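Below: one structure, written as structure tokens.
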Amino acid sequence: MTLASFLAFVGVAALVICTPGPDTALTIRNTLFGGRSGGVLTALGVATGLSLWALATSLGLVALLVASEPIFRAIQYAGAAYLIYLGIMALREAFRRQGAASPAAAAISPRRLAPAIAYRQGLVSNLGNPKIAVFFASLLPQFAAGGSSFTTLFLLGLVFAAMTLLWLSAYALVVAKAGDVLRRSRVRRVIEALTGGLLLALGLRIAAEQR
């Protein structure tokens, strides 16, 4: 693999990674409710999922997935259902009725998101999107020597995962930096409603997408 090919891959990967999607929305939400560590662990879960997709692509398993309509659809609908579930939970939290809360009570943050849950949500949401498998199967061989080198395919996939981790972690750091403002009751509810609606819409879109 030449340096020019690698740089071209990095450019294409950066363009794709910087496009907001379910991983971005989930990272922002989990940063609000789990702090900087919650956002970074969500990003790490996403990167882990990408690494597993890269491994599957390198081993040729993704080709079997793409060729099998029932398996592809099962993963697609399961992933869409998970995003829809997360979106509904976020919307429920956003519009949850508060009792006669005092101003001091309204300023208290909701229960903190557990680190393990943040990581799991990032991992499952990524693995539940078979479009990533199709994307890897079509993108990585274009930059791998001969199109079939296991090592090159896997390393390119790991580079993509690492770039995603850095990008989403940067999101988490920015959101965490503004945490005191964003976690105010009214602002938090607005952001929770927006991210919940986005996750719900993305889940419905993934469920309706054709291969």
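We number each residue from 1, following the sequence as shown. The model shown is predicted, which means the values in this text are computed figures rather than measured ones.
- Under the 3.5 Å distance criterion, the side-chain polar atoms of N30 are left unmatched by any main-chain donor or acceptor of G39.
- In plain terms, the two heavy atoms of P115 and L41 that are nearest each other are CB-CD1, 3.3 Å.
- Contact check for L168 versus T42: no side-chain heavy atoms found under the 4.5 Å cut-off.
- Of all the heavy atoms in F9 and L140, the pair that sits closest is CE1-CD2, 3.6 Å.
- A chain of hydrophobic side-chain contacts below 4.5 Å, direct or via other Ile, Leu, Val, Met, Phe, Trp or Tyr residues, connects V10 to L156.
- R120 has its side chain within reach of I117: a pair of non-hydrogen atoms, C-beta onward, lies under 4.5 Å apart.
- Taken to the nearest 0.5 Å, the CD1 atom of I132 stands 12.5 Å off from the CG atom of L139.
- In the hydrophobic clustering of this structure, L166 does not group with L44; members are Ile, Leu, Val, Met, Phe, Trp, Tyr whose side-chain heavy atoms approach within less than 4.5 Å, directly or through other members.
- Y77 and V124 fall into different hydrophobic clusters, where Ile, Leu, Val, Met, Phe, Trp and Tyr residues are linked whenever their side-chain heavy atoms come under 4.5 Å apart, directly or through other members.
- When all heavy atoms of A54 and G157 are compared, the pair lying nearest together is CB-CA, 3.5 Å.
- Contact between L26 and S125 at its shortest, heavy atoms only, is CD2-OG, 3.6 Å.
- Ring orientation note: the planes of F136 and F160 are nearly perpendicular, at an angle over 60° on the 30°/60° scale.
- Of all heavy-atom pairs between L165 and A47, the closest is CB-CB, 3.9 Å.
- Two different hydrophobic clusters hold L113 and V40 under the rule that ILVMFWY side chains link at heavy-atom gaps under 4.5 Å.
- In this structure, the side chains of L127 and L52 come closer than 4.5 Å at one or more pairs of heavy atoms.
- Note: L155 CG to S58 OG = 8.0 Å, rounded to the nearest 0.5 Å.
- If you take OG1 on T48 and CG on L123, they are separated by 6.0 Å, rounding to the nearest 0.5 Å.
- One distance of note links CG of L158 with CG of L153; it measures 11.0 Å at 0.5 Å rounding.
- Rounding to the nearest 0.5 Å gives a distance of 6.0 Å between CD of Q121 and CZ of R29.
- Side-chain atoms of W53 never come within 3.5 Å of backbone atoms of F135 as a donor-acceptor pair (strictly under, hydrogens ignored).
- Taking the six-membered ring where tryptophan is involved, the planes of F150 and F154 are essentially parallel, since the angle between them stays under 30° and well short of 60°.
- Connection of L173 to M163 is not established within any shared hydrophobic cluster, with ILVMFWY side chains joined at heavy-atom distances below 4.5 Å, either directly or through further cluster members.
- To the nearest 0.5 angstrom, T27 atom OG1 is 11.0 Å from L32 atom CG.
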Should I84 and L204 be marked as a side chain to side chain contact (heavy atoms under 4.5 Å, CB included) after you check the CA-CA gap, both sets of side-chain angles, and the distance that decides it? CA-CA 7 Å; I84 291 171; L204 292 173; 3.6 Å; yes
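- Side-chain contact between L91 and L200 is present, with heavy atoms from C-beta onward closer than 4.5 Å.
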